[in-house]
Amino acid sequence: PKQMEISIIGNVIELRREQWKGKVARITNDSALLEEVKKYTWTYKDGEHPYLHNSKLNLYFHEFVLGFIYGAENIDRMQSEGNIIEHLDNDGLNCTYSNLHILSEDLNKAKAFTIDKKAAELDRSMEYPSYIMDVYYLHDSKQFQLQLFMNDDIYFILLQIHAIFKTTNK
């Protein structure tokens, strides 16, 4: 198969393959991680939440990336306890360290039915959304970073964000 195209843009490495239908995967600019990623062929899996998968390892790309940081056995253990790997920006191909976080299935659903749902509604209904939010997990400091831009009073969303992310950062 054709090799991946690799582009380095600041702290992010963008990866492309012909099979990925024009989609771009992203990882943190970490040369050791990139060398490990390049050892395997990653296949694009289409669907409601597209992901990359490696059949030889039987792993999704995001599992591979977090396993590289924390050890595959720790990721397996956390997932067996009912946790999932959350892409904080909901992009299954964005596997940068700051975008991946282990989250309980319940908190993942709470985020989906509150923050994600409200953001999607606002994006569809307004020329300019009343807020733009990015959520990143800073693995080194074990803290969340939230980026908000507000054009409107949306205090209820801030309370939901606080409640959801406070419980996951223990």
Side-chain angles (χ1 to χ4, degrees), residues 1-80 82-105 107-124 129 131-140 144-147 149 165 168:
K2 275 190 151 182
Q3 295 294 322
M4 281 188 294
E5 294 176 38
I6 299 167
S7 304
I8 299 174
I9 303 169
N11 195 36
V12 174
I13 298 174
E14 291 187 343
L15 308 169
R16 293 172 181 80
R17 280 189 62 221
E18 191 174 305
Q19 186 268 334
W20 297 353
K21 303 178 182 181
K23 304 293 184 185
V24 177
R26 292 176 178 81
I27 59 173
T28 299
N29 188 354
D30 178 335
S31 59
L33 173 61
L34 178 60
E35 288 309 309
E36 288 301 310
V37 166
K38 288 174 17 180
K39 291 179 182 178
Y40 303 97
T41 299
W42 298 95
T43 303
Y44 179 77
K45 299 285 186 180
D46 212 351
E48 184 179 344
H49 299 289
Y51 294 108
L52 298 180
H53 186 265
N54 178 274
S55 55
K56 180 177 180 181
L57 298 172
N58 194 26
L59 279 179
Y60 286 100
F61 194 57
H62 52 271
E63 293 172 317
F64 183 85
V65 170
L66 276 189
F68 179 81
I69 301 172
Y70 297 114
E73 65 283 348
N74 291 319
I75 301 305
D76 290 345
R77 181 181 49 77
M78 287 188 274
Q79 288 183 308
S80 71
N83 297 301
I84 56 100
I85 297 174
E86 167 70 13
H87 293 81
L88 295 173
D89 69 356
N90 297 317
D91 178 356
L93 301 179
N94 181 358
C95 295
T96 56
Y97 297 154
S98 62
N99 192 49
L100 299 177
H101 185 64
I102 300 288
L103 195 62
S104 74
E105 289 182 33
L107 287 175
N108 174 258
K109 289 174 185 171
K111 178 182 173 281
F113 290 117
T114 55
I115 296 168
D116 297 342
K117 184 177 180 181
K118 189 66 176 173
E121 288 171 4
L122 289 172
D123 286 345
R124 284 191 306 267
Y131 70 96
I132 298 169
M133 183 177 81
D134 288 317
V135 182
Y136 303 97
Y137 185 68
L138 308 172
H139 289 266
D140 291 341
F144 287 95
Q145 175 181 322
L146 304 174
Q147 297 177 348
F149 171 79
F165 291 112
T168 63

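For this chain, numbers begin at 1 and follow the sequence in order.
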Mind running side chain to side chain donor-acceptor pair (under 3.5 Å) on Asp89 and Asn99 for me, showing each step along the way? CA-CA 7 Å; Asp89 69 356; Asn99 192 49; 2.8 Å; yes

If you apply the rule side chain to side chain donor-acceptor pair (under 3.5 Å), what do you find for Asn94 with Thr96, and how did you get there? CA-CA 6 Å; Asn94 181 358; Thr96 56; 2.9 Å; yes

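- Looking at Leu100 and His87, their side chains come closer than 4.5 Å, going by heavy atoms from C-beta outward.
- With respect to Lys38 and Glu36, no salt bridge is recorded, no charged nitrogen being found less than 4.0 Å from a carboxylate O.
- For the side chain to side chain contact (heavy atoms under 4.5 Å, CB included) test with Thr41, the passing option among Lys56, Arg17, Gln3, Met4 is Arg17; the others fail.
- With hydrogens and angles disregarded, no donor-acceptor distance shorter than 3.5 Å links the side chain of Ser7 to the backbone of Glu14.
- When each of Leu15, Asp91, Ile13 is checked for a side chain to side chain contact (heavy atoms under 4.5 Å, CB included) with Arg26, only Asp91 meets the rule.
- Checked by atom type and distance alone, the side chain of Glu63 pairs as donor or acceptor with a backbone atom of Tyr60 at under 3.5 Å.
- Closest of all the heavy-atom pairs between Trp42 and Gln19 is O-OE1, 4.1 Å.
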Chi angles and distances behind the side chain to side chain contact (heavy atoms under 4.5 Å, CB included) call for Ile85, Ile102: CA-CA 5 Å; Ile85 297 174; Ile102 300 288; 3.7 Å; yes

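- Within the model, atoms CG of Leu59 and OH of Tyr51 stand 14.0 Å from one another, a figure rounded to the nearest 0.5 Å.
- Environment of OH in Tyr44: crowded, with over 12 heavy atoms of neighbouring residues, nucleotides or ligands closer than 6.0 Å.
- Residue Ala25 comes nearest to Leu52 through the heavy atom pair CB-CD1, 3.6 Å, listed as atom of the first residue, atom of the second, then distance.
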Given Thr43 and Asn54, is the side chain to side chain contact (heavy atoms under 4.5 Å, CB included) satisfied, shown in steps? CA-CA 6 Å; Thr43 303; Asn54 178 274; over 6 Å; no

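- With Asn83 contributing its side chain and Glu105 its backbone, the two residues share no donor-acceptor pair below 3.5 Å.
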From CA spacing to verdict: side chain to side chain contact (heavy atoms under 4.5 Å, CB included), Arg77, Asn74: CA-CA 5 Å; Arg77 181 181 49 77; Asn74 291 319; 3.7 Å; yes

Is there a side chain to side chain contact (heavy atoms under 4.5 Å, CB included) between Val37 and Phe68? Walk through the geometry before answering. CA-CA 10 Å; Val37 166; Phe68 179 81; over 6 Å; no

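- Ring pair Tyr40/His53: centre-to-centre distance not below 6.0 Å.
- Residues Leu93 and Val24 are not in side-chain contact: their nearest non-hydrogen atoms beyond the backbone lie 4.5 Å or more apart.
- For Glu5, there are no salt bridge (charged side-chain N to carboxylate O under 4.0 Å, His left out) partners two or more places apart in sequence or in a different chain.
- Rounding to the nearest 0.5 angstrom, the gap separating the CG atom in Asn29 from the CG atom in Asn11 is 6.0 Å.
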Full working for side chain to side chain donor-acceptor pair (under 3.5 Å) between Tyr97 and Asp30: CA-CA 10 Å; Tyr97 297 154; Asp30 178 335; 2.7 Å; yes

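- Distance CD1/Ile27 to CG/Leu34: 5.0 Å, rounded to 0.5 Å.
- Here the closest heavy-atom approach between residue Cys95 and residue Phe61 is recorded as SG-CD2, 3.6 Å.
- The salt bridge (charged side-chain N to carboxylate O under 4.0 Å, His left out) check on Lys23 picks up nothing, with sequence neighbours excluded.
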